[in-house]
There are 4 protein chains.
Amino acid sequence: MTSHKISRPRKRDAEATKQRILQAALEEFSTHGHSGARVDRVAEGAGVSKPMIYEYFGDKDTIYAAALREAYVRIRQAEKHLDLDALPPEAAIRELVRFTMNHFRRNPWFVSMLAIENLRGGQTIRQVGDAPLIQSVLVERVGEVLKRGIGAGLFRDDIDPVDFYVFIASLCYFPISNTHTLKAVFKLPVDDAWLDKRSADATEMLLGFLRQAP
Amino acid sequence: MTSHKISRPRKRDAEATKQRILQAALEEFSTHGHSGARVDRVAEGAGVSKPMIYEYFGDKDTIYAAALREAYVRIRQAEKHLDLDALPPEAAIRELVRFTMNHFRRNPWFVSMLAIENLRGGQTIRQVGDAPLIQSVLVERVGEVLKRGIGAGLFRDDIDPVDFYVFIASLCYFPISNTHTLKAVFKLPVDDAWLDKRSADATEMLLGFLRQAP
Amino acid sequence: MTSHKISRPRKRDAEATKQRILQAALEEFSTHGHSGARVDRVAEGAGVSKPMIYEYFGDKDTIYAAALREAYVRIRQAEKHLDLDALPPEAAIRELVRFTMNHFRRNPWFVSMLAIENLRGGQTIRQVGDAPLIQSVLVERVGEVLKRGIGAGLFRDDIDPVDFYVFIASLCYFPISNTHTLKAVFKLPVDDAWLDKRSADATEMLLGFLRQAP
Amino acid sequence: MTSHKISRPRKRDAEATKQRILQAALEEFSTHGHSGARVDRVAEGAGVSKPMIYEYFGDKDTIYAAALREAYVRIRQAEKHLDLDALPPEAAIRELVRFTMNHFRRNPWFVSMLAIENLRGGQTIRQVGDAPLIQSVLVERVGEVLKRGIGAGLFRDDIDPVDFYVFIASLCYFPISNTHTLKAVFKLPVDDAWLDKRSADATEMLLGFLRQAP
DNA sequence: CATGAATGAGCTTTCATTCAT
DNA sequence: GATGAATGAAAGCTCATTCAT
């Protein structure tokens, strides 16, 4: 998420204003959590007055819900850039893992929003529903790759794409989401090099798993 | 007749009170996060007056730090019950994964505290330091098991125990920490059965990885 | 082709708009009081934008003043329908009381405006001045009836018409203005039947008073 | 209601503090109405900080309810000082009217609270219920006097005490509650002399009514 | 030690009013 | 003339923290 000051507010443009608020809200909530977020800071970040925010969204919870939804929308958008069709199955898996790791690494605000929403018991995501907008595109890609791999006799055929995607996500999410405790507790150097190695090892692990007989 | 005689029980009481506060704080912070936690609720949960809490801890941040430390202490305590010495290397790995998964599953407050502290950028854990009290015993166990496995020619010899433990943790942590979004977004039934399957598959994945030539 | 031709309709529209605002304001202020009234709701009720309201009236206090004045204007208008000339004095008094009671009963917004303005210490009515527009027609009628009654030797001759009208008003106003507390505190059934009985009794009371020797 | 600054707050006395808040709330609500009342002013008037008020009462509506109840409690207290037993029936009625008029005149805050609560549709009084604390003592007195008058063959026997009390109240309430509009609209000099005359005339009117055959 | 009473500072939300088109 | 967009100022309410007993 680019945090450089939003370009000078073009006044009297409702849609643009709403978008600026959303952007600021996403920054604020992902950095401070739900209770820690301050509507004042959202207003300042968006370059608008507080009443505008309430005009457009109603109350803090609704701003949060909108920000969470926005997080998913953006991530989904970013995921569309992944194209695995040209790659053979195993290479596709490699690319998938690499992509996922980078995805989380470059969009830590998304990882934060996930953590925050889960800490809240998923109250909001459950209501946002709106599956098509929210569901990861990656799962579809995974499904396609697995099918190709199975067809080529390379992968076992008893793996659910969602379950498998959760493995990928698990391996990529944790080192990013828990960077700080990993550094402090295990003295790990959670930097790009370490994450790249992690990504590579995870890939091997996952491919090994896929190659195993059921 | 000095007051000497009762000074011992007093101390006992004080210690017990402090412990009750810690327990209440742990519950409060893990369920509501740092900003969401309320000192009033901690006091009520501990059955003491608010000034008591300030007497013992100073301010909210310090209570939080103590609760975080307490979380690690308790988890470390629980980890001591794991004994892998009697098991052959591969069985030991299986047990380790099983144990870790159950560990997170049964102590969701710990998972929450990890998420919370990481969202805060690890501010506190970095200061708590106190490594010996905090570092996971599991890493040592992992180290021992890996060594035995390497000695027996079963496992590759280029794996760092900490790195490997992080793989285990990744695979077990994510489905627990992100239960709610997994349910809402992927319609996954994140229940005991699903988690057991996950644990089993993760085990295979990890063993496969250990068996691979470097 | 000047714009002259449409200037008349414009004026008509402007006047009509102003009237709609006044109507909405009257509703709003009489139901919510001065502080409780919301300019937004007046705008919505009148079907115009807020700036329009400020264009026409200036500020909330001025709207209130206009609404109060409007209340008096309307009431005065309604009072014109009372014709006592054909009735003998005692019947005229009966009709007068009946009319007043119904007047308050059917125009509770007027009773409310009176209460509201008095709670505000009469700040506004004092400034509105504008006596001719505001003074009740009823007082004149009362004066005429009393004169006729005195002339006929039926009524005592030391009664001031205004004072007497205030008696009528007192007896009719209170049960309407205080309906809710009367219901709650005295369990009175303040409905049409009860008010009719009240009106009848009040009439006897007032006639008895008029017949008494000074 | 004495409005001179309350004697220096004796700190750390919960009951006294609560009472001071109640006093200040009564002043504030009766002067400014429900929406117009400011919690800040109540706090200042009571010599406490705002949080104290919320600690003791919860929210603005509850403060209002407590103030309304307090108004009734005080009025009932004041009404206890009326003793009619020694007076013959007609004198007792005279005294009753005189007392009621003075009651309203000296406690305008009570008249205001009645008007305010009625403007709110009696929302609160309906919930306060609590009849014994709220019902006027005067009604009982009226009942006793009427009974004595009927027994002495002086009064008609078809008058309900409550209904009759409402006549008294009507005649005394209106000139007080509507002082300001009466002054502004009818140029009436609503002062002590005028109110005394009113009281006297009302008495005659009411006695005449009581003496009439049914 | 222990606590009921109290508060400064800040948070979310509202509202009369104005700007800019 | 008309309005959607915007805001300064304040209102109700909360919370970490301290006082006084």
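Heavy atoms only: backbone and side chains are in, while hydrogens, waters and symmetry mates are out. Quick note on labels: first sequence line is chain A, next is B, and so on, each numbered from 1. All of these numbers come straight from a predicted model, not from anything done at the bench.
Residue-level contact check: D:A43 touches neither bases nor backbone, having no heavy atom under 4.0 Å from any strand. Using a 4.0 Å heavy-atom distance criterion, D:Y56 is classed as a sugar-phosphate-only contact. Here A:D40 lies in heavy-atom contact (under 4.0 Å) with a base.
Going from atom CZ of C:R38 over to atom P of E:dT14 covers 10 Å, rounded to whole Å. Rounded to a whole Å, the CD atom of B:E28 is 12 Å from the C1' atom of F:dC15. Distance, C:E55 CD to E:dA20 P: 17 Å, rounded to whole Å. One atom, CD of A:E15, and another, P of F:dA6, lie 11 Å apart when rounded to the nearest Å. Distance CG (C:D61) to C1' (E:dC15): 14 Å, rounded to an integer number of Å. For B:M52 and E:dA2, the CE to C1' distance is 5 Å, given to the nearest whole Å. What separates NZ of C:K60 from C1' of F:dA10 is a distance of 13 Å, to the nearest Å. Distance OH (C:Y64) to P (E:dC15): 19 Å, rounded to an integer number of Å.
Between B:I125 and B:E117, the shortest heavy-atom contact is N-OE2, 2.6 Å. The two residues A:A66 and A:F57 make their nearest non-hydrogen contact at CB-CE2, 3.6 Å.
Of the possible polar contacts, none joining the C:K50 side chain to the C:E44 backbone as a donor-acceptor pair under 3.5 Å is found.
Remark: the B:E15 side chain and the B:Q19 side chain contain no N/O donor-acceptor pair separated by less than 3.5 Å. With 3.5 Å as the limit, one finds no donor-acceptor pair spanning the side chains of C:Q123 and C:Q127.
Summary of the strand contacts: C:P51 and B:A37 both lie near DNA chain F, and taking for each the nucleotide with the nearest heavy atom, the more 5' one is attributed to C:P51. Nearest-nucleotide mapping onto DNA chain E: of C:Y54 and D:K50, the residue sitting toward the 5' end is D:K50. In terms of position on DNA chain E, the residue among C:G58 and B:V48 whose nearest nucleotide sits closer to the 5' end is B:V48.
For B:E55, the CD atom is loosely surrounded, since the number of other residues' heavy atoms within 6.0 Å does not exceed 12.
The side chain of D:T17 contributes no N or O atom lying less than 4.0 Å from OP1 or OP2 of E:dA5.
With rounding to the nearest 0.5 Å, the separation of OG1 in C:T31 from CG in C:L26 is 8.5 Å.
Secondary structure note: stems in DNA chain E built from 3 or more consecutive Watson-Crick or G-U wobble pairs under 3.5 Å occupy E:2-21 with F:2-21.
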